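All of these numbers come straight from a predicted model, not from anything done at the bench.
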Amino acid sequence: MEPHLIHLTKADYAVSQWSGGTTTQIAIAPQGAQYGDRDFLWRLSSATVDLAESDFTPLPDYHRLIAPLKGEMILTHDGGVPVTLEPCQVQAFDGGAATHSVGKCVDFNLMLRKGKCTGRIYPIETAAAQTVTFTASPKADELLLYCAEGEGTVSFCSETVRLRPGEAVRVQAPSSGLLTLDVPERAVLMAAEIQTLT
């Protein structure tokens, strides 16, 4: 796969309602897959949680990674010890677990089909104007950067994309080059790396 940047804006997202708020689907694979069919490879989304308490939809075929972007959430899996997540703190868990959430927030969520793909999410935060350079994991097939706060310019293999709040960039073949992020002031971005298993 040749290196390539795809700029994603709110016009590219799919927004749906759930019992506790709204979910914004940022990207899904394969292209054209439907979340409701439960046969997708991976899905990246951000949801608003407007209820003080809610239960996650069981997804036994998927691993999940989640982090609050605004507010905090307290998660309990299968009645275990509650875990408090503050903004940009990431937790991985089995999508088939009975998961209870406490706290109103906006979250960032990556779902990965078991045995088909793997991945991780992590924050990139800056306190002021800054240039950040980094490379994706060597085995990553795709990298998505979501701009949660502030704005910045992403450069990769002679291509450049300007990100504003709520926008994302999808980087194909991300390990083939160095990524550069330029921000004019404080910014918070979330990165999602995905590797398809053979």
Q34 atom CD: more than 12 heavy-atom contacts under 6.0 Å: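 For Q34, atom CD is not crowded (no more than 12 foreign heavy atoms under 6.0 Å).
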With a cut-off of 3.5 Å and sequence neighbours excluded, list every side-chain donor-acceptor pair involving residues 71-87.
unit_1, atom_1, unit_2, atom_2, d
H77, ND1, T99, OG1, 2.9
H77, NE2, Q91, OE1, 2.8
D78, OD1, A98, N, 2.8

Donor-acceptor contact present, side-chain S54 to main-chain L51, <3.5 Å: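 Answer holds: no.
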Partner of L179 by side chain to side chain contact (heavy atoms under 4.5 Å, CB included), out of L143, V169, T133: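 The passing option is L143.
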Partner set under side-chain hydrogen bond (donor to acceptor under 3.5 Å, both in side chains) for S16, not counting sequence neighbours: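 With sequence neighbours excluded, S16 shows a side-chain hydrogen bond (donor to acceptor under 3.5 Å, both in side chains) to no residue whatsoever.
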Point-to-point distance, once rounded to the nearest 0.5 Å, from OG1 of T9 to CD1 of I26: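 T9 OG1 to I26 CD1: 12.0 Å, rounded to 0.5 Å.
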Same apolar cluster (I L V M F W Y, side chains within < 4.5 Å links), V188/Y122: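 No, V188 does not connect to Y122 through the hydrophobic network.
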Nearest heavy atoms of A140 and S175, plus distance in Å: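 Between these two residues, the closest heavy atoms are O-OG, 4.1 Å.
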Shared hydrophobic cluster for I121 and L144 (ILVMFWY, side-chain gaps under 4.5 Å):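 The answer is yes; both residues are in one hydrophobic cluster.
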Side chain proximity check, V132 to V183, heavy atoms < 4.5 angstrom: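 Counting from C-beta outward, V132 and V183 never come under 4.5 Å.
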Separation of D182 CG from T180 OG1 (nearest 0.5 Å):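 Result: 6.5 Å between the selected atoms.
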Gap between atom OG1 of T24 and atom OH of Y146 - 0.5 Å precision: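 If we round to the nearest 0.5 Å, Y146:OH and T24:OG1 are 7.0 Å apart.
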Pairwise distance CD1(I194) to CG(D141) - rounded to 0.5 angstrom: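 One finds 8.5 Å between CD1 of I194 and CG of D141.
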Hydrophobic cluster identity match, L5 and L189, side-chain contacts under 4.5 Å: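 The answer is yes; both residues are in one hydrophobic cluster.
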Hydrophobic cluster membership, L44 vs L41, 4.5 Å side-chain cutoff: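 Yes, L44 and L41 fall within the same hydrophobic cluster.
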ILVMFWY network linking F56 to V102, side-chain heavy atoms under 4.5 angstrom: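 In one cluster: no.
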D55 backbone acceptor or donor facing S101 side chain under 3.5 Å: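 No: the side chain of S101 does not pair with the backbone of D55.
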Ring geometry between Y62 and F40 (parallel below 30°, tilted from 30 to 60°, perpendicular above 60°):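 Judged by the thresholds at 30° and 60°, the geometry between F40 and Y62 is parallel.
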Student check: side-chain heavy atoms of D12 and I6 closer than 4.5 Å: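 They are not in side-chain contact.
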Heavy-atom side-chain proximity of L8 to Y13 below 4.5 angstrom: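 In short, these two side chains touch, coming nearer than 4.5 Å.
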Side-chain (K114) to main-chain (P60) donor-acceptor, under 3.5 angstrom: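 Confirmed, K114 side chain pairs with P60 backbone.
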Any side-chain heavy-atom pair of M190 and C88 under 4.5 Å: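 Side chain of M190 against side chain of C88, heavy atoms only: contact under 4.5 Å found.
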Contacts of R64 that satisfy side-chain hydrogen bond (donor to acceptor under 3.5 Å, both in side chains) - sequence neighbours left out: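 Result, side-chain hydrogen bond (donor to acceptor under 3.5 Å, both in side chains) vs R64: none returned.
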Step-by-step side-chain hydrogen bond (donor to acceptor under 3.5 Å, both in side chains) determination, T22 to T48: CA-CA 5 Å; T22 59; T48 60; 3.0 Å; yes
Where R170 and A29 come nearest, the two heavy atoms and their spacing: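 Between these two residues, the closest heavy atoms are NH2-CB, 4.5 Å.
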Any side-chain heavy-atom pair of R164 and C147 under 4.5 Å: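 R164 vs C147: side chains apart.
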Of L197, T196, D61, the residue whose pairing with R113 passes side chain to side chain contact (heavy atoms under 4.5 Å, CB included):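 Answer after filtering L197, T196, D61: D61.
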Side chains of L181 and L163 in contact at under 4.5 Å (non-hydrogen atoms):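 When only atoms from C-beta onward are counted, L163 and L181 do not touch, as no gap falls below 4.5 Å.
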Distance-minimising heavy-atom pair for P184 and A129: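 It is O-CB, 3.3 Å.
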Nearest-0.5 Å distance that lies between atom CD in E193 and atom NZ in K139: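 Going from the CD atom of E193 to the NZ atom of K139 covers 13.0 Å.
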Student check: side-chain heavy atoms of T57 and R38 closer than 4.5 Å: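 Yes, close enough: below the 4.5 Å cut-off.
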Rounded distance (nearest 0.5 Å) linking atom CD of E159 with atom NE2 of H4: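 It comes to 6.0 Å.
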Min side-chain heavy-atom separation Y35-T23 under 4.5 Å: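 They are not in contact (no side-chain heavy atoms under 4.5 Å apart), so the answer is no.
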Any donor-acceptor N/O pair, D94 side chain to G96 backbone, under 3.5 Å: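 Yes, the answer is positive, given that a donor and an acceptor are paired below the 3.5 Å cut-off.
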Side chain W42, main chain T118, donor-acceptor under 3.5 Å: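 Side chain of W42 to backbone of T118, a donor-acceptor pair under 3.5 Å: no, none is there.
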